[in-house]
Amino acid sequence: MNELSNEKQVEEQNEEVVEEVQTEAAEATEAEASEEVNPLQQENDQLKQQLEEEENRYLRLQADFDNFRRRSRLDAEAAQKYRAQSLVADILPALDNFERALQVNTADEQTKSVLQGVEMVYRQLVEALQKEGVEAIESVGKTFDPYEHQAVMQVEDDEYEPNTVVEELQKGYKLKDKIIRPAMVKVNQ
């Protein structure tokens, strides 16, 4: 029986050695695998970070492009809306001269007919400007507004409230909602 017990002990020792060798082999394999996985994991993390940076860059570029399109559209709308601004500004002195010519008193028929022709041209010019959105700024009797009026004189008149426009010396004009030329006015103190 001793022999059987010795054989059993030897077998058990052999099994223990085999288990130890298998455990050591498994640990060595895991260590090697983790060493191989670690560089792969690092590379994977690095690629994820690069992807995230590129996605952020793409989103910023997309937002910049959207902002550019919006600004371009707004600029085009403003250009369309105020396309006649420089032309209107150039025509206003001629319009003022027409108004002065229409204030002339005439005695003979020939001058009256010329004046009538000037008045017709003046009306056509005013109508064309109105079609483009040009409006005269109403001033007399209104409260002084520094955006619409340019005060060139101050007077004391009991008929008007303080800071009220008493007389318009030169008409002011606006194109749609933009002031082209403020009205020159006398203001009550």
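One is the number of the first residue; the rest follow in order along the sequence. Just so we're clear, the structure is a prediction, and the values are computed from it rather than from any experiment. Any value given below was found using the heavy atoms of this structure, including those in side chains, with hydrogens, waters and symmetry copies removed.
The hydrophobic clustering, which links ILVMFWY residues whose side-chain heavy atoms are closer than 4.5 Å, places Leu92 and Leu102 together. Ile180 and Leu169 fall into different hydrophobic clusters, defined by Ile, Leu, Val, Met, Phe, Trp and Tyr side-chain heavy atoms under 4.5 Å apart, directly or through other members. Hydrophobic clustering (side-chain heavy atoms under 4.5 Å, transitive across Ile, Leu, Val, Met, Phe, Trp, Tyr) keeps Phe144 apart from Val140. No continuous path of hydrophobic side-chain contacts links Met153 to Val166 [ILVMFWY only; heavy atoms under 4.5 Å].
Atoms CD and CG, from Gln85 and Asp90 in turn, are 10.5 Å apart once rounded to the nearest 0.5 Å. Rounding to the nearest 0.5 angstrom, the gap separating the CG atom in Leu51 from the CG atom in Asn56 is 9.5 Å. Interatomic distance, Glu135 CD to Ile179 CD1, rounded to the nearest 0.5 Å: 9.5 Å. Interatomic distance, CZ of Arg57 versus CG of Leu61, reported as 5.5 Å (0.5 Å rounding).
Around the CD atom of Glu53, the shell of radius 6.0 Å holds more than 12 heavy atoms that belong to other residues, nucleotides or ligands. Heavy-atom contacts from other residues, nucleotides or ligands closer than 6.0 Å to CD of Gln116 number 12 or fewer. The neighbour count for Gln50 CD, taken as heavy atoms of other residues, nucleotides or ligands under 6.0 Å away, is above 12. Enclosure of atom CD in Glu156 is not indicated, since only 12 or fewer non-hydrogen atoms of other residues, nucleotides or ligands lie within 6.0 angstrom. By the 6.0 Å contact criterion, CD on Glu99 is enclosed, its count of non-hydrogen atoms from other residues, nucleotides or ligands being greater than 12.
For Glu77 and Arg73, the salt-bridge test passes: some basic side-chain N is under 4.0 Å from an acidic carboxylate O.
Side-chain N/O atoms of Asp45 and Gln41 include a donor and acceptor closer than 3.5 Å.
Glu119 places none of its side-chain heavy atoms less than 4.5 Å from the side chain of Leu115. Residues Phe98 and Val126 have side chains not in contact (no heavy-atom distance under 4.5 Å, counting atoms from C-beta outward). Glu52 is not listed as a side-chain neighbour of Gln49, based on a closest heavy-atom distance of 4.5 Å or more.
Looking at every heavy atom in both residues, Val155 comes nearest to Lys186 through CG1-CD, 4.2 Å. Residue Ile137 comes nearest to Tyr173 through the heavy atom pair CD1-N, 3.8 Å, listed as atom of the first residue, atom of the second, then distance. Among all heavy-atom pairs drawn from Ala151 and Val187, the shortest one is CB-CG2, 3.7 Å. Contact record, Val118 with Ala101: CG1-CB, 4.3 Å, taken as the closest heavy-atom pair. Annotation for Ala89 and Pro93: closest pair O-CD, 3.4 Å, computed over non-hydrogen atoms.
For Glu132, the salt bridge (Lys or Arg N to Asp or Glu O under 4.0 Å) criterion is met by Arg83, not counting sequence neighbours. Residues that satisfy the side-chain hydrogen bond (donor to acceptor under 3.5 Å, both in side chains) test with Arg100, not counting sequence neighbours, are Asn97.
Checked against Ile91 for a side chain to side chain contact (heavy atoms under 4.5 Å, CB included), the options Leu129, Val134, Asp96 give a single hit: Leu129.
Remark: side-chain polar atoms of Asn188 are paired, donor with acceptor, to backbone N or O of Asp157 under 3.5 angstrom.
Within the structure, side-chain hydrogen bond (donor to acceptor under 3.5 Å, both in side chains) pairs that include any residue of residues 141-154 comprise Ser139-His149, Gln154-Gln189 (at least two apart or interchain).
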Item to check | side chain to side chain contact (heavy atoms under 4.5 Å, CB included) between Asn44 and Lys48, intermediate numbers included | outcome: CA-CA 6 Å; Asn44 187 21; Lys48 283 181 181 178; 3.8 Å; yes
